[in-house]
Amino acid sequence: MAYWLMKTEPDECSIDDLANAAPAAVIWEGVRNYQARNFMRQMQVGDEVLIYHSSCKMIGVAGTAKVVKAAYSDPTQFDSQSSYFDAKSKKENPRWDAVDVKFVQKFKQLLPLDAIKAMPALQELALVKKGNRLSVMPVSEAEWRAILGAAGI
DNA sequence: GCCAACGTTGGC
DNA sequence: GCCAACGTTGGC
């Protein structure tokens, strides 16, 4: 049982989109970074995920979800119509993986990035390290608790 | 829209 | 295997 943070642009897949899909899960696809992919491959069913909204008006952690299907071949890499298409990925050895995640909760108030940066307990979070561009990253149990505590949960 | 920081690519 | 050029990310 582990904790993670995943970034999403709310235009693509917001916490509300996850909530609207519930109780169905959502395919977390389109990750095209090897480090992020490797973290996804470590995810196990039941792991919990912070949903982080990036590149938008209200930047921060918006809620949580949980992994309901471990990593499998991301179908969009073979779809030439998809913006995630990767011509160099081979069917017999796919480069990219997806996981399925299911909505758990939306925070009453989004926990903003500047609040996260100000919390002593979160100084080691990859998210707040300078220049960090990882879209999937591990979160320690202490960090998880600090974030949920700050969100009033 | 800007731009710093980073990851990836490809020539050598 | 180096590294310059390029493309992308993502906060501001």
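Since the model is a prediction, treat every value here as computed from it, not as a measurement. Proteins come first, then strands; the chains are lettered A, B, ... in the order of their sequence lines, and each starts at number 1. For the numbers below, each heavy atom of this structure counts, side chains included, while hydrogens, waters and symmetry mates do not.
- Backbone-only contact: A/K88 has heavy atoms under 4.0 Å from sugar-phosphate atoms and none from a base.
- In summary, the side chains of A/D74 and A/T76 do present a donor paired with an acceptor at a separation below 3.5 Å, with no hydrogens or angles considered.
- Comparing A/R95 and A/G131 by the nucleotide of DNA chain B whose heavy atom lies nearest to each, the residue mapping closer to the 5' end is A/G131.
- Judged as a ring pair (Phe, Tyr, Trp, His ring centres under 6.0 Å), and not counting sequence neighbours, the contacts of A/W96 are A/Y34.
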**Request:** Spell out protein contact along nucleotides 4-12 of chain C as letters: B when the base is contacted, S when just the sugar-phosphate is, - when no protein heavy atom is under 4.0 Å; keep the 5' to 3' order.
**Result:** ---BBBBSS

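- Note on A/D86 versus A/R32: no salt bridge recorded, every NZ/NE/NH1/NH2 to OD/OE distance being 4.0 Å or above.
- The number of heavy-atom neighbours closer than 6.0 Å to CZ of A/R145, taken from other residues, nucleotides and ligands shown, is 12 or below.
- We find the CG-CE distance between A/N132 and A/M137 to be 5.0 Å, quoted to the nearest 0.5 Å.
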